Each structure stands twice: as structure tokens, then as C-alpha cells.
Amino acid sequence: MAVTVTTPVYEGPFDLLLDLILREEVELYEVSLLTIVDAYLEELENMKEYDLELATEFLLIAAILVELKARRLLPSGNKIDPDDEFGIWEERDLLLAKLVECKTFKEAASQLRELSQQASLSWPRRAGLEEAFLSLTPDLLEGVTKEDLREACLRAIAPRPSISVNTEHIAPIKATVVEAVRELIEEMPRTGSVSFKELTKGLTDRIEIVVRFLAILELYKQGVLEIDQIDSFGEINVSWCSDTEIADMDLLDIYEG
Amino acid sequence: MSEEKAKLKMISDIDAEAHIRRAIEAILMVAIDPVPPSIFAQLFEVQVDEIERICNSMVDHYTEAELGFSLIRIAGGYRFQSNPEQAQWVERFILEGQSRRLTAAAMETLAIVAYKQPISRAQVSAIRGVDVEGVMRNLQQRGLIDEVSRDTGPGNAVLYGTTQEFLERMGIDSVAGLPPLGEFVPGPEVVEALERSLRVVADEVTIPATEEG
Amino acid sequence: MSEEKAKLKMISDIDAEAHIRRAIEAILMVAIDPVPPSIFAQLFEVQVDEIERICNSMVDHYTEAELGFSLIRIAGGYRFQSNPEQAQWVERFILEGQSRRLTAAAMETLAIVAYKQPISRAQVSAIRGVDVEGVMRNLQQRGLIDEVSRDTGPGNAVLYGTTQEFLERMGIDSVAGLPPLGEFVPGPEVVEALERSLRVVADEVTIPATEEG
């Protein structure tokens, strides 16, 4: 991995950073993800050719860093509902099992690479039949139709999607702020006042909740919603300022472009 | 008298074996893929384990002869191949290189399929934590994995496994020849470190301000 | 003293010769066509007649060894081939032991040559994403494809096309008789994967929901 990052607490190859964090030699809190992303983007710009493998590896590690960091930033404390706490621990155990599994297969993969590298030093004999035997060869085209041939050609020339940088591990974003704003504008006049918990009920993906939250902030900024929160980490109450008339499109324009 | 007969029989056995050896050598010369012992057994009307015994002694023989090539057991069969020590010369002769390197992602996906086969794409995705569709398709196009069966459960998911080509590329006889997965499970200190990194901090609810907000 | 030196030199010569022999053995084992001595001469930076001397002594050596194969001089080069005495076994292997069906890889390769002819091996490799040398060789040996011309570009790559025999077997007059490929309509999974690959560069966050969640 050629990407080197320089942060106040760490300077060196990017992939090593994850190892160090896991070994607690670098405090994750103090690592700015922004710095890392910047360093990486700079590296990409300097690159003459786009290195797909590098990009993929980066995204994977970055995703793990984000996940770890998000987890540490999760509010916790004495007020946790026992059910929630259990859930958090359960989730943690699952994540731990997943990380161990990931590491195991990473190791296995490097072993496979070694095996294949060793094996690639030998070439098989593929000379095939000598002239004298050629007339004996069984009929390979038996049962093959023109259509089979066409299908085979289509299969072969089908675009290979694997040349994509896959970003699935960064939760797929199903919701957009625009949509969330639109939904709120529809829902809120009817509901009047509601807690954030209520508003996000039924949403399972963290990203969807975040998008909802951003939509609320936006509407708050526009002055059509009021937000209050009595305790820190307490319930957030959202209420509609009923006298405000807004035109949908005006608002939505903010997000386009 | 009977001793002489026994001697004669032995000679004819050795003779028969020598014949089989030569026939095997000739066939391996024209074969394009590794030839499984069962094919030789069928051809010579000899038990498979007898063929394996003969072939294994041939493998040893060619190894000891220190030639530029050797006879090996690979992907469930036998084949002649150039020796690794001659790789630099063969490489210069065969200008067209070996098939391209696999990316780290492809290699990890391949490892999961190899060790967990038969396995569905969804199961591989679950382990990798990322969608593996593109990578799996690539591996399939390279002939390293293939659909081997269907899940009997609901949905009848396609199950994947590794191919002959995979075994050849890895230089092994069967997937049983892969190093045991247990060897790669991280040690307790690594697991502990991972665990620590995930610890839910109970008391301090310190949320430091970060640049990213 | 000088005698000792001469002896040393001889030993190192023998050593060098043994090295060359092994490299030649390795190359001949994997070469598809007979290899002319001039190629070896160039590779090892040795005189052609020196190579011929070494190769001829190898020919003798393999003949004496009475194996199932031998090293012969043919078509201006050297190659390993099965021994004529083993012909009956090789024939039986071809008739009984080999698969009678085209493999998926061979089928795709044949289809590409049929539809895209004239085409070079490198171009077929590029389309299939894997090295096709062995497969093309097989198809050529089976009389289904053949060299038809040479590329006019640099390198003058050999271009391949299908044979008369192929047309007859397919029951068509000319390749124009193959069903048209039509406009390639990628399946939904391909579209989805391509779309995903574009997401990285997309600024907008309007992304359709995917099954994988």
C-alpha cells in the first residue's frame, strides 16, 4: 500500500494505521479521518494510473476505521436501558466475531497467494496431440447448435462488472435528504409535535436515521420546525410551526446542485 | 522349480509395470489436462491404487533424476510440468505471461469459497462484509470458481465451489491439500486487541470534538 | 597447475552444460511447437552449433532411457513426443479417456473466433480475460479454427478464423449464416453492478435501493 498519511498522532503507511489502532498504539479518537482521506485523495491525484486495488483496499480500511470510530462515539453510560445495553453488547460480539473471521480469511488469502505464486513457477505441458493422432479426436461439436455458439459469444463479451470499486461496505444510502425533507413536510403538519424516536421508528439503517436528522436540521434552519432537547442524550422533540407556509420547490432547490 | 516360476512371474510383473510406465509417459505427453489415475486404471485394466503406486514411484523417479521438468500429482491427476528452478528461462521463452494477478479482494473471496464450499454468494458477502457479486463473477470468468449445486433451503441459492483450474493454479491435488483454516485464526492477543477496540465505554461519555464533526 | 586449471574449467563447463540441458528440458516440456536451436542459442547466449551438440546428446540420452516418450528433431526444431511404440495406448486414451464435449472455456473461445474473425490470440485473451493459448491450440488441432492471415500492424500477430470443417459442422455456408449477436442487452445484474461502479464518482446521493441492503 503506497498511501502514506500524516496526522498529528501518526505518520506512515495507511494500512499499518489500522493495525496500530487495533493494538491500541494509536488512539482512534485522535486520528482525523479527514486528514486520512485528504492524504489519500492527494495520492490518487499524483498517481499516473488509477490503481483500483489501492482504492479498494483504502475504502475497506477506511470503512473499518469509520465503523470503529462511530462505535466509540456511541453515547453510552448509566442511563442505558438494560435491553439496549444487551443489544449493544450483542452487536459488539457479532462485530468481534466478524473481525476475527475477516482476519482469518485475510491470512488464508495471503497463504493462497503464496501457493499460487509457487505454482506459477511451473508451466504445464499443453502441447497436445501429435499430428498422427489428430484424425482420432472425438467429435467435440456433437450437439452444439448455432444458437449455443451465439450464447457463448454473448457470455464472453458481456461487460465485466468486476472492474468497479465496490462501496457496499459503506452502508448503501437508500434515502436522500431531499426525500426526507419532502416526507417531513407532508407528515409534520398533521402530526404537530413528535419525538425524534417516533419519527425514525421503523428505520433500521443508521444512515436513514442520519438523513432524517439532517432533514430536520434543514427545516429547523428554514424556521418551519422547532427542536428541543431537555437532557443531553435525552429525547429530542420536533414540532411543526403551523403558521409557516412554505413552497416545496423553494426548499428542495437548496439540495440540488 | 516353483522358485523359478515365482522368479519368472516377478520378472513378468516388472515387465508389465515397465510397460504401464511407458504407456503412462506417452499419454501424459499428449494430455492437455492432468490425467486422473482412474483413466489409466480403466485403460490398462488395473486397480486404481496399483496405478497410484506406479505413478507415485514415477514421480519420485523424475524428482531424483533432476531434470528440467517433473511429473507431479495435481488437481486429482498427473501431469508433466517445468521445474520451478527453470522459471526464469521458461518465462523468457513463453512471452505471453501467466494469467494476471488477482487483487487482494478477489484473493480473499477466493479463500472464503475455497474453505467454505459449497457456499452461496450471500454467505460470502456476509463474511466479507461487502457485496461480492462483481468479484465472484470475475473469479467465475477466470474459471477459478463455479456453480456446484443449489441450496436445498428456501430460495434455492446457487452454491459455489472451486474448480480444477483453481487446484492447478494453487498447485495442489485437492482442496484437502489446503493448509487448515485453523492455522489462520488470529491468536488470543489479537482477538483481545480487537475486543478492546470495540469495548463500549461505560463510564466516560467523552465525545471529543473532531474535525469532521 | 595448468592441468588443474584445465580440469576446473572443464568442470565448470560441464556444470554450465548441465544448466543449459535442464533449461532446454523445461522449455521443450512446455513448448507447443518444435523449438529451433537458434532460439536456445539466443536465450543462453551460446553458439547454435554448441546448442545442437547439446541437444543431439540429449536426443541420444532420451532414446537410451527407453521411456514412453522421446526427444526428436523435427520441422527444424526439437520437441518431446510420445513414442511410436506407445501409439496404441495414446489412441485408446484419445478415444476413451478424453472428454467428448467442448468445455465452457473452449466453447466461448470458439464463439469469439467465429464471430470476431479474423482475430489474434491476444485479442481473444483480452475478451475472455484469461490466457487462451492451450484452448486455441486444442481448437486448432481439432480443425475448428486455423490461422487465416497476419495482422498488418506492428508485431504481425497471427490472425485466426474458423475453418471449412467448422462451417460444415454447423450446417452453414459461411459465417454470415451464424445467428446475429444483436445488440447486446446486459442482464439486470450487470446493469446493477455497472451502476454501482459509477456510484463512486457520482455526487448525488440518489441511489436506488439494492437487494443486498
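Below, read A as the first sequence line, B as the second, and so on, with proteins coming before strands; counting in each chain starts at 1. What you see below is based on every heavy atom in this structure, not just the backbone, and it leaves out hydrogens, waters and symmetry mates. Predicted model only: the values in this text are computed from it and were never measured.
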Legend entry - CD (B/Q47) with more than 12 external heavy atoms under 6.0 Å: no
Inset, instruction - Specify which of B/I74, B/L178, B/L139, B/I112 makes the most heavy-atom pairs with chain A at under 4.5 Å. - result: B/I112
Inset, instruction - Answer yes or no: is there a side-chain heavy-atom contact under 4.5 Å between A/P124 and B/I32? - result: no
Inset, instruction - Mark yes or no for whether B/R169, through its side chain, and A/S116, through its backbone, hold a donor-acceptor pair below 3.5 Å. - result: no
Inset, instruction - Tell me, for B/F69 versus chain A, whether the close heavy atoms (under 4.5 Å) come from the side chain, the backbone, both or neither. - result: neither
Inset, instruction - Identify the two heavy atoms, one from B/L102 and one from A/R113, that lie closest to each other, and give their separation to 0.1 Å. - result: O-NH2, 2.9 Å
Legend entry - Which portion of A/E114 sits near chain B, non-hydrogen atoms under 4.5 angstrom: neither
Legend entry - Stepwise side-chain contact (heavy atoms from CB on, under 4.5 Å) check, B/T109 with A/F105: CA-CA 8 Å; B/T109 306; A/F105 281 109; over 6 Å; no
Inset, instruction - Look up atom CZ in A/R125 and atom CE in B/M29, then write down how far apart they are to the nearest 0.5 Å. - result: 5.0 Å
Legend entry - A/R126/B/E168 ion pair, N-O < 4.0 Å: yes
Legend entry - Reported CZ-to-CG distance for the pair B/F184 and A/L112, which is rounded to 0.5 angstrom: 7.0 Å
Inset, instruction - State whether the number of non-hydrogen atoms from other residues, nucleotides or ligands found under 6.0 Å of B/E183 atom CD is greater than 12. - result: yes
Legend entry - Residue pair A/A119 / B/M170: nearest heavy atoms and the distance that separates them: CB-C, 3.7 Å
Legend entry - Which portion of B/A106 sits near chain A, non-hydrogen atoms under 4.5 angstrom: neither
Legend entry - Pairwise side-chain contact, A/L121 with B/V90, heavy-atom cut-off 4.5 Å (strictly under): no
Inset, instruction - Counting only heavy atoms closer than 4.5 Å, note whether B/I72 contacts chain A via side chain, backbone, both or neither. - result: neither
Inset, instruction - Check whether any side-chain N or O of B/S82 sits under 3.5 Å from a backbone N or O of A/W123 as a donor-acceptor pair, and report yes or no. - result: yes
